[in-house]
Amino acid sequence: MTDRVLTQVDNRVALITINDPDRRNAVTAEISAALRDAVDSVQADPEVHALIVTGAGKAFCAGADLTALGAATEDGLRVIYDGFLAVAECTLPTIAAVNGAAVGAGLNLALAADVRIAGPAAVFDPRFQKLGIHPGGGATWMLQRLAGPQVARASLLFGMRLDAEAAVRHGLALEVADDPVAAARELAAGPAGAPRDVVLSTKASMRATANPGTVDLDQHRLAVDVEIGPQAASIESPEFAARLAAAKRR
């Protein structure tokens with residue numbers, strides 16, 4: 001496993017850290033694959049009852065690496081999505097300890113968790129529109145489900161960013177904590193102290209009863225499929241190519 005993604009297990013709780021602080025933990029294909037491997041590994045460990053994901057340094061995750069994004073086809077986009085979709089699909093209870101900026105794909109990673117705890121410097125920033133690209137990875141569905149249509153539209157259509165307090169106010173985060181990882185560990189002590197089969201079955205039931213007749217993972221997958229064509233087209237546009245060239249010159 002790459003050292004860009006670190007895993008620590010303590011008291012039946014796994015902490016997965018994206019570890020590329022010099023690049024603000026931007027997602028590459030390598031990091032996405034390593035995040036998938038880390039999630040799959042702890043999910044398969046019978047001694048792990050809950051999962052926390054966070055970022056090293058000052059940022060939670062600055063989104064997809066623009067170079068990787070600029071080269072992405074629909075298949076390439078799915079490669080970039082795969083890491084945060086592993087968190088969305090995880091059968092364990094999951095917490096995102098959002099220590100800093102969660103931007104674009106990084107916002108998707110935070111939204112993929114069951115619960116978000118925000119540090120004082122946390123920022124929930126979709127950034128898709130500013131970059132000139134269509135949202136992807138199920139962002140439209142996740143934001144509407146968590147914050148409601150008005151906040152989701154303000155974020156994705158008008159570019160509204162949410163700081164830590166606003167994220168709590170609008171339902172994107174549970175609380176603000178000076179040390180979000182420590183607060184996440186405290187919350188994860190609940191499932192850590194419960195029978196694992198009860199924890200897993202409770203999460204499975206909640207997925208099935210959130211909208212009876214469907215499972216939320218199926219809805220997320222449908223959202224990914226709806227978004228991916230328009231997102232790929234936006235990445236192939238001359239406008240995005242110009243933005244990418246300007247970013248490379250910096």
Side-chain angles (χ1 to χ4, degrees), residues 2 4-5 16-39 53-90 94 96-113 116 118 122-147 152 155-156 159 161-162 167 172 220-221 223-236 240 243-244 247:
T2 175
R4 298 298 188 196
V5 174
I16 295 177
T17 304
I18 302 177
N19 183 42
D20 195 1
D22 291 343
R23 298 190 321 113
R24 294 167 54 81
N25 304 315
V27 177
T28 61
E30 176 192 21
I31 285 177
S32 180
L35 183 55
R36 164 67 71 175
D37 288 345
V39 173
V53 62
T54 194
K58 294 182 179 180
F60 176 72
C61 176
D65 176 84
L66 284 182
T67 301
L69 194 59
T73 60
E74 287 192 16
D75 288 344
L77 287 171
R78 291 186 189 275
V79 168
I80 293 170
Y81 299 163
D82 195 52
F84 66 76
L85 290 179
V87 175
E89 295 162 3
C90 186
T94 55
V98 185
N99 52 303
V103 179
L107 174 62
N108 283 354
L109 174 60
L111 298 180
R116 284 145 298 285
V123 178
F124 297 78
D125 184 359
R127 194 74 64 88
F128 296 109
Q129 189 176 75
K130 186 174 183 179
L131 290 173
I133 62 174
H134 189 282
T140 58
W141 176 75
M142 289 190 289
L143 269 169
Q144 291 187 92
R145 177 187 62 152
L146 291 167
S155 294
L156 295 175
R161 306 183 337 153
L162 300 175
L172 286 187
H220 194 166
R221 292 180 185 118
V224 170
D225 291 341
V226 167
E227 295 168 354
I228 196 164
Q231 187 178 49
S234 67
I235 288 170
E236 293 167 359
F240 180 73
R243 286 181 171 86
L244 180 59

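Only a predicted model underlies this, so the values are computations on that prediction, with no experimental measurement involved. Just so you know, these numbers use all the heavy atoms, side chains as well, and skip hydrogens, waters and symmetry mates.
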So Ile235 and Leu77, do their side chains get closer than 4.5 Å, heavy atoms only? yes
Heavy-atom nearest pair, Gly106 first then Phe60, reads O-CE2, 3.5 Å
Do Asp125 and Lys130 come within less than 4.5 Å of each other through their side chains, counting heavy atoms only? no
State, yes or no, whether a side-chain contact exists between Leu156 and Gln129 at a heavy-atom distance under 4.5 Å. no
What's the spacing between Leu107 CG and Met142 CE if we round to 0.5 Å? 7.0 Å
So, for His134 and Ser234, which heavy atoms are closest and what is the spacing to 0.1 Å? N-OG, 3.0 Å
Thr140 and Pro135: which non-hydrogen atoms are nearest, and at how many Å? CG2-CB, 4.1 Å
Nearest 0.5 Å, please: how far is CG in Leu85 from CZ in Arg221? 9.0 Å
Considering non-hydrogen atoms only, spot the tightest contact between Glu74 and Gly229 and give its length. OE2-CA, 3.6 Å
Stepwise side-chain contact (heavy atoms from CB on, under 4.5 Å) check, Val226 with Trp141: CA-CA 10 Å; Val226 167; Trp141 176 75; over 6 Å; no
Interatomic spacing from CZ in Arg4 to OG in Ser32 - rounded to 0.5 Å: 15.0 Å
Closest approach of Ala152 and Gln144, non-hydrogen atoms and distance? CB-CG, 3.5 Å
Main chain of Ala33, side chain of Asp82: is a donor-acceptor contact present, judged purely on distance under 3.5 Å? no
Would you say the side chain of Glu89 lies within less than 4.5 Å of the side chain of Val39, judging by non-hydrogen atoms? no
Any side-chain donor near an acceptor of the partner, Asn99 and Thr54, under 3.5 Å: yes
More than 12 foreign heavy atoms under 6.0 Å from CZ of Arg24: is that the case here? no
Quick one: which of Val103, Val98, Leu35 gives a side chain to side chain contact (heavy atoms under 4.5 Å, CB included) with Leu109? Leu35
Around Arg78, counting heavy atoms of other residues, nucleotides and ligands shown, do more than 12 lie under 6.0 Å from its CZ? yes
Atom CD1 in Ile31, atom CG in Asp20: separation rounded to 0.5 Å? 4.5 Å
What I'd like to find out is whether the side chain of Ile80 reaches to under 4.5 Å of the side chain of Asp65, using heavy atoms alone. no
Residue pair Phe128 / Asn108, side-chain heavy-atom distance below 4.5 Å: yes
Which pair of non-hydrogen atoms, one from Ser155 and one from Leu143, has the smallest distance, and what is that distance? CB-CD1, 4.2 Å
State, yes or no, whether a side-chain contact exists between Phe84 and Val27 at a heavy-atom distance under 4.5 Å. no
